[in-house]
Amino acid sequence: MVRRSAGTGFDTTDETSQTAREVASFGTATILTGIVSMVALVFSGLSLYETVLKQANLHLYVPDTIAYTRDPNGSFEVIVLPVTVANSGARDGVVSALKLQVKNEETGLTREFAASFIAAPGYFSTKEDYTKGQSRPKTAFAPLNIPGRSAFTGTLLFYPKKYSEKRVVPGAGKFSMTLSAAMDTVQDMGTIDRFWSTDIEPLNFSASLPAVSRFFSAQMMTGRSTRMFVENSSSN
């Protein structure tokens with residue numbers, strides 16, 4: 001039954017239906033607008049976290065080839081290790097120390113080395129000669145500041161903490177190595193920073209030294225270095 005307004009002849013049924021449709025349409029649009037706004041807010045929050053708030057997240061990498069030598073000034077064993085420290089976080093991270101544990105898989109002897117110097121250009125083309133005051137160019141290791149979304153790459157010289165006549169690398173062999181790093185993070189936000197902070201995962205790998213000359217030790221003392229080949233590199 002169609003009802004008309006008294007004295008006007010206007011169809012109220014059509015008016016009511018149209019109003020209901022408009023209300024439903026407005027409600028749907030409001031819901032969609034709210035969902036879009038919520039999604040935009042979430043993405044804005046994620047973007048803020050990834051680009052501004054995310055603490056430093058550092059990762060260690062080594063190449064397939066490293067080197068071994070000895071420093072005539074004290075006859076220290078030296079592991080020459082090209083290292084990349086990449087920061088996938090948004091904020092700066094400071095690497096205060098790098099350590100390398102080396103185990104001779106044949107003898108079981110284990111020794112800890114620490115990053116003490118950074119090889120300068122010409123390190124591999126210069127021979128040690130202390131009688132002439134000539135040494136391979138290097139600079140002292142200092143804490144590394146790794147800005148957000150960037151990386152450091154350098155050739156680090158790892159020295160043992162003290163001299164020992166018993167060499168962990170006396171010649172050819174296979175050696176297990178673990179590279180670890182200590183990181184200091186920005187703590188501007190106090191508890192939040194401490195909650196979000198992460199440690200640097202140690203890098204485990206093995207390296208082999210091929211057959212060497214019977215004059216190996218003398219060659220090392222005259223400033224030569226020999227290649228070692230990395231295998232099975234992986235983080236814990």
Return yes when atom CD of E106 has more than 12 non-hydrogen atoms of other residues, nucleotides or ligands closer than 6.0 Å, and no otherwise.
no

For residues V102 and V168, report the shortest heavy-atom separation together with the two atoms involved.
O-CG2, 3.8 Å

Any sub-3.5 Å donor-acceptor pair from Q219's side-chain atoms to S213's backbone N or O?
no

Can you tell if the side chain of S225 reaches within under 4.5 Å of the side chain of Y123, non-hydrogen atoms only?
no

Measure the spacing between CD of E231 and NZ of K174 and express it to the nearest 0.5 Å.
4.5 Å

N145, CG atom: more than 12 neighbouring heavy atoms under 6.0 Å
yes

Nearest atoms (heavy-atom pairs only) where D92 meets P147
OD1-CA, 3.1 Å

Would you say the side chain of V80 lies within less than 4.5 Å of the side chain of Y68, judging by non-hydrogen atoms?
no

Can you tell me how far apart OG (S180) and NZ (K99) are? Round to the nearest 0.5 Å.
7.0 Å

Could you report the tightest heavy-atom contact between A67 and F124, atom names first, then the distance?
CB-CE2, 4.3 Å

Any chance the side chains of R167 and S217 put a donor and an acceptor closer than 3.5 Å?
no

Does some side-chain heavy atom of T69 sit less than 4.5 Å from a side-chain heavy atom of R136?
yes

Given 3.5 Å as the limit, does a donor-acceptor pair link the side chain of R149 with the main chain of S88, or not?
yes

Give the C-alpha distance, both sets of side-chain angles, the deciding distance and a yes or no for side-chain contact (heavy atoms from CB on, under 4.5 Å) between L98 and L144.
CA-CA 10 Å; L98 283 145; L144 307 174; 4.2 Å; yes

How many angstroms lie between OG1 in T110 and CD in E105, if you round to the nearest 0.5 Å?
10.0 Å

Answer yes or no: is there a side-chain heavy-atom contact under 4.5 Å between F216 and T226?
yes

Heavy-atom donor-acceptor pair, Q134 side chain to K127 backbone, under 3.5 Å
yes

Shortest non-hydrogen contact from I146 toward A151:
CG2-CA, 4.1 Å

Are Y163 and F117 connected in the hydrophobic side-chain network, where two residues link if heavy atoms are under 4.5 Å apart?
yes

Please check this pair: side chain of Y159 against backbone of F76, looking for a donor-acceptor N/O pair closer than 3.5 Å.
no

Give a yes or no on whether M177 and L109 share a hydrophobic cluster (residues Ile, Leu, Val, Met, Phe, Trp, Tyr; joining criterion: side-chain heavy atoms under 4.5 Å apart).
yes

Let me confirm one number: the CG-CD distance from D71 to E77, rounded to the nearest 0.5 Å.
12.0 Å

Give the C-alpha distance, both sets of side-chain angles, the deciding distance and a yes or no for side-chain contact (heavy atoms from CB on, under 4.5 Å) between F152 and V95.
CA-CA 10 Å; F152 162 86; V95 177; over 6 Å; no

Joint hydrophobic cluster, L157 plus L179, side-chain heavy atoms closer than 4.5 Å
no

With rounding to the nearest 0.5 Å, note down the distance linking OG in S206 to NZ in K103.
12.5 Å

Restricting to non-hydrogen atoms, name the atom on A172 and the atom on P210 that form the minimum distance, rounded to 0.1 Å.
CB-O, 3.2 Å

Gap between atom NZ of K162 and atom CZ of R111 - 0.5 Å precision
9.0 Å

Hphob cluster co-occupancy, V169 + F205, side-chain heavy atoms under 4.5 angstrom
yes

Is there side-chain contact between L81 and F113, with at least one heavy-atom pair below 4.5 Å?
no

For side-chain contact (heavy atoms from CB on, under 4.5 Å), just list the numbers for S116 and K138, CA-CA rounded to whole Å, side-chain angles, deciding distance to a tenth of an Å, and then say yes or no.
CA-CA 10 Å; S116 304; K138 55 185 180 287; over 6 Å; no

side-chain contact (heavy atoms from CB on, under 4.5 Å) evaluation trace for V78 with M220:
CA-CA 10 Å; V78 181; M220 294 299 99; over 6 Å; no

Before accepting this row, confirm whether a basic side-chain N of the pair E112/K161 lies closer than 4.0 Å to the acidic partner's carboxylate O.
yes

Is V85 linked to I66 within one hydrophobic cluster, defined over Ile, Leu, Val, Met, Phe, Trp and Tyr using a side-chain heavy-atom separation of less than 4.5 Å?
yes

Within the distance-only criterion (no hydrogens, no angle test), does the side chain of N57 pair as donor or acceptor with the backbone N or O of N87 below 3.5 angstrom?
no

